[in-house]
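Both backbone and side-chain heavy atoms feed into the values below; hydrogens, waters and symmetry mates do not.
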Amino acid sequence: MGQGTEYGLVDLDEAETPGDEWEEIDVSDTEADRIARKRDREFNEFQERIKDADQFKVEQSVFDDATFAALYKLVQDGYVEAFGGPLSTGKEANVYHALGDDREVAVKVYRINASNFRQMRDYLEGDPRFEGLGGKKKDVVLAWVKKEFANLSRAKTAGVRVPEPIAAERNVLVMEYIGNEDGRAKRLGEVHIENPQTAYDVMREYMRRLYSAGLIHGDLSEYNVVFDDGQLVVIDLGQAVTVHHPNSRGFLERDCRNVANFFARQGLDADADELLEFVTSPDPDPSRD
């Protein structure tokens with residue numbers, strides 16, 4: 001698809017072909033949990049520094065002791081060196097700008113107490129990676145973070161432009177920062193699209209590559225795609241499910257409607273049924289495994 005090069009579409013010859021295996025998700029206690037239980041002087045000092053940082057808008061509902069411990073462990077491991085201000089705030093997670101080892105990163109912090117537990121379970125139940133997951137809310141949120149990390153990794157391997165996942169610790173995800181010195185990259189619905197047909201072709205191909213890799217985004221729209229330096233970047237893959245999830249077809253049909261309707265508003269002859277047929281026709285079809 002030559003047109004896609006304008007938007008940084010990865011050549012499929014350069015993308016690894018994902019296998020059928022699925023990542024094991026472990027929600028047992030991590031080092032961050034152990035740090036939170038055994039508070040030492042250095043951890044206490046770190047916690048106070050973060051709380052006192054004017055540019056780091058700390059809310060008690062977001063940062064409990066275990067969350068501070070997760071951040072502390074990520075700093076110890078060299079994934080984060082300095083924290084900046086918030087990039088976005090939401091009901092379930094806040095995303096912060098930060099400095100990593102040699103580049104800018106985004107730090108996504110999920111609220112355990114405020115997260116929509118029921119909605120998360122709708123996406124997790126039926127996913128073969130989460131069989132046997134208990135009913136504790138903490139375990140669901142921790143699994144969600146590891147799931148987002150795994151989904152980003154799988155999408156990147158499949159040749160879809162997504163933020164590179166860097167590290168996950170408890171309810172904190174560190175990933176590539178998508179933006180520049182002027183701020184975060186704009187969502188597709190926030191920018192003027194000079195060539196809607198090319199952008200639509202790229203989106204179609206991204207959706208098909210995700211499906212071929214056994215994934216369905218599940219919440220795809222102009223609000224979960226950003227435009228950065230000539231490229232379309234798919235974000236927020238926490239809810240993405242496997243093609244074998246019992247609700248996967250409904251999620252995919254909704255994604256197709258959202259994407260087709262957006263580009264129809266840009267003046268294209270975009271049809272949700274035709275998009276669905278295109279997305280679900282890779283060879284081999286992973287849903288038939």
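The pair Glu169-Lys146 does not meet the salt-bridge criterion, since no charged nitrogen lies less than 4.0 angstrom from a carboxylate oxygen. Using a 4.0 Å cut-off between charged nitrogen and carboxylate oxygen, Glu164 and Arg103 count as a salt-bridge pair. The pair Lys108-Asp236 meets the salt-bridge criterion, since a charged nitrogen lies less than 4.0 angstrom from a carboxylate oxygen. In this structure, Arg265 pairs ionically with Glu222, as a charged nitrogen and a carboxylate oxygen lie closer than 4.0 Å. A salt bridge between Glu31 and Arg34 is present, with a side-chain N of the basic residue lying under 4.0 Å from a carboxylate O of the acidic one. A salt bridge links Arg161 and Glu176; the closest N-O separation between the charged side-chain nitrogens and carboxylate oxygens is under 4.0 Å.
Considering only heavy atoms from C-beta on, Leu237 comes within 4.5 Å of His217 through its side chain. Tyr211 places a side-chain heavy atom less than 4.5 Å from the side chain of Leu252. Using a 4.5 Å heavy-atom cutoff, the side chains of Ile35 and Asp65 are not in contact.
Between Phe263 and Tyr200, the ring-plane angle classifies as tilted under the 30° and 60° cut-offs.
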Counting only pairs under 3.5 Å, give me each side-chain donor-acceptor contact of residues 68-76, with atom names and distances, residues two or more places apart or in other chains.
{"residue": "Tyr72", "atom": "OH", "partner": "Glu42", "partner atom": "OE1", "Å": "3.4"}
{"residue": "Tyr72", "atom": "OH", "partner": "Gln76", "partner atom": "NE2", "Å": "3.3"}
{"residue": "Lys73", "atom": "NZ", "partner": "Asp77", "partner atom": "OD1", "Å": "3.1"}
{"residue": "Lys73", "atom": "NZ", "partner": "Asp77", "partner atom": "OD2", "Å": "2.6"}

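Within 6.0 Å of CG in Asp269 there are 12 or fewer heavy atoms belonging to other residues, nucleotides or ligands. The number of heavy atoms from other shown groups lying within 6.0 Å of CD (Glu277) does not exceed 12.
For Thr30 and Asp33, the side-chain atoms include at least one donor-acceptor pair closer than 3.5 Å. Under 3.5 Å, the side chains of Thr67 and Asn171 contain a donor-acceptor pair of N or O atoms. A side-chain N or O of Tyr110 and one of Glu148 form a donor-acceptor pair less than 3.5 Å apart.
Under the 4.5 Å side-chain contact rule for hydrophobic residues, Val234 and Val191 share a cluster.
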